[in-house]
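What you see is a predicted model, and the numbers here were worked out from it, not measured in a lab. The sequence lines fix the lettering, A, B, ..., with proteins before strands; numbering per chain opens at 1.
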2 protein chains.
Amino acid sequence: MDASAPSSSPQSPWLPFESRRRARDEKREAVLRAAVGLFLEQGYHRATLNDVAKRLNITKPALYNYFRSKDEILFECWSLGNELVDDCIAETSAGGGTGLDKLRKLTVRYAELMTTDYGKSLVRFDVRDLNEDNRKIVQTAKKRIDRAFRDYIVQGIDDGSVRPCDPKLSAFAIAGSLNWIGHWFQPGGPMTGKAVAEEFAIRLTEGIATTTTRKKAGKPPRTGNAAREDRSEHHERTAARAAGQSKRARSRLR
Amino acid sequence: MDASAPSSSPQSPWLPFESRRRARDEKREAVLRAAVGLFLEQGYHRATLNDVAKRLNITKPALYNYFRSKDEILFECWSLGNELVDDCIAETSAGGGTGLDKLRKLTVRYAELMTTDYGKSLVRFDVRDLNEDNRKIVQTAKKRIDRAFRDYIVQGIDDGSVRPCDPKLSAFAIAGSLNWIGHWFQPGGPMTGKAVAEEFAIRLTEGIATTTTRKKAGKPPRTGNAAREDRSEHHERTAARAAGQSKRARSRLR
DNA sequence: ACTATTTATTACCCATGGGTAATATACGGG
DNA sequence: CCCGTATATTACCCATGGGTAATAAATAGT
């Protein structure tokens, strides 16, 4: 599908003074891509809608064909990121393994997410910039993410793969460390996102694991079904789709 | 000294319609206390100088007797927090112990700092809101903090108290987790700042220590002089005083 | 081709909030 | 008692930027 030309990846669907066609949803997404980039670069309050528009070769009022307000754009950016996290959690929960296995899996995926724009938007944007409704949604979603980490830890303690500890604080410690990646990681740096993610996954779970990973020992304890490797097909996410009227065409977000 | 009355801690030195005397520096600090609180509650951009002034029972232009601009206030808030960190680092470096000892000591102190207003300002405020000069200062200071963590880790690897690892990433992992405390900790919550700090110190260093702390074993390895316990007298900080023309009367900041 | 709909543009509104000027009040000292 | 200085107030300026109205250009359907 998608008979779009072998185009040299036109950053913006609006070419300076040219044919401007294309599906509405693609433009919507293009706006979000431009917005999330600018919001991260400049900060939400310093980045103006004029800036966003300029980056797309259009003018500010055109944006209002796709969004009702600046904070709605912010919310949608966050929302896309949240869908990605939900994917991580859903995949991880679906796959088998001990609590520790799941914790590690989620940690890797989450860490890698934090090196991407939409991932960063989860931790760099300020909920207080949203309207009340959206703020509630975001706060609920954040709780759910925290829950995932915490549940895996509890599960790990139960099945013996994780040493007894305070799940709440441990989850905070791990998630905090990961969230912070979103503050310092820059794509241009010496390390790839994946590399950081894997290193962090080891480092962060090492402290609470019953088994050590020193000197890359083969994954030691594995309860039932081994972790399946299907990360290609996005199995229809369940209720998780907490973010608003998200029916958008989740196409290439990378 | 400080023969101030046994006053019932007047939150603001400007009582509604009353005697308004007091040393200039105290007022300056009062402004900063009000500002840091508001900036944290509302976010720098949503908090207005009118808000700050109102909280002090004065009006906006009065603030300009003490500061030249809003972003200077922001900088000074950050600066006070930075002095506190510098104290932590100086104390820790002065005290003895293995690299791990120092890492733990710094971790505890830093974590606790993150539960205070001025500590939070170090990680919640956006450097991009500062003017170019101050931004440089902040960035330099941040590097120095990172360096402290990293140095202790390296030192620990050398003296055998810390397992071989990438100091850079490990420092990021630990500091990130601590910094995140500044985002979620709220004084009203179930845990005291000190409690969080101690728990985090254990949890975060456990992963890279050569010796385990499971079941609160007495501190195992200790090289030379045991960690001294003098945290009362602030030994004159050295060069560390990177923050601008800081000659302020660092009195009660808590 | 003609028209309806979508999508963009130009030109504007206006609330917000940082910052300033002019002025008033308090204070300390000779 | 009067004056200079420090500190506060009232009243204002104005750049910024989110958002809208009126209008023009492109697109699709018939």
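At least one side-chain nitrogen or oxygen of A:Thr59 sits closer than 4.0 Å to the OP1 or OP2 atom of C:dT9. Note on B:Arg24: a side-chain N or O is less than 4.0 Å away from OP1 or OP2 of D:dT7. Side-chain N/O atoms of A:Asn65 include none lying less than 4.0 angstrom from OP1 or OP2 on C:dT6.
The separation between A:Asp25 atom CG and C:dT7 atom P is 10 Å, rounded to whole Å. Look at CG on B:Leu38: it is 12 Å from P on C:dG17, rounded to the nearest Å. Between A:Lys27 atom NZ and C:dT6 atom P the separation is 13 Å, expressed in whole Å. Atom pair A:Arg46:CZ and D:dA15:C1' shows a separation of 17 Å (rounding to whole Å applied). In this structure, B:Ile73 atom CD1 and C:dG17 atom P are separated by 15 Å, rounded to whole Å. Atom-to-atom, CZ of A:Arg28 to P of C:dT7 comes out at 12 Å; the value is rounded to the nearest Å. The separation between B:Ile58 atom CD1 and D:dT10 atom P is 12 Å, rounded to whole Å. In this structure, B:Leu63 places its CG atom 19 Å from P of D:dA6, rounding to the nearest Å.
Under the side chain to side chain donor-acceptor pair (under 3.5 Å) criterion, B:Arg135 pairs with no residue at all, not counting sequence neighbours. For the ring pair (Phe, Tyr, Trp, His ring centres under 6.0 Å) test, residues two or more places apart in sequence or in another chain that qualify with B:Tyr110 are B:Phe149. Partners of A:Tyr44 according to the ring pair (Phe, Tyr, Trp, His ring centres under 6.0 Å) rule, which considers only residues two or more places apart in sequence or in another chain, are A:Phe39. Applying the salt bridge (charged side-chain N to carboxylate O under 4.0 Å, His left out) criterion to A:Asp126, with sequence neighbours excluded, gives A:Arg128, B:Arg46. By the salt bridge (charged side-chain N to carboxylate O under 4.0 Å, His left out) test, B:Asp146 pairs with B:Arg150, sequence neighbours left out.
B:Asp151 contributes no side-chain N or O that, together with a main-chain N or O of B:Ala148, makes up a donor-acceptor pair within less than 3.5 Å.
For the helix from C:dA1-D:dT30 to C:dG30-D:dC1, the terminal axes (five pairs an end, C1' atoms, rotation from four pairs onto the next four) enclose an angle of 0°, given to 10 degrees.
Between A:Arg33 and A:Asp117 there is no salt bridge, since none of the side-chain N atoms of the basic residue sits less than 4.0 Å from a carboxylate O of the acidic one.
Sorted by first and then second residue, the salt bridge (Lys or Arg N to Asp or Glu O under 4.0 Å) pairs involving residues 172-191 of chain A (not counting sequence neighbours) form an empty list. Within the structure, no pair that satisfies the side chain to side chain donor-acceptor pair (under 3.5 Å) test touches residues 180-192 of chain B, not counting sequence neighbours.
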Summary of protein contacts for nucleotides 18-25 of chain C, nucleotide by nucleotide, where a base hit scores B, a sugar-phosphate-only hit scores S (4.0 Å, heavy atoms): BBB-----
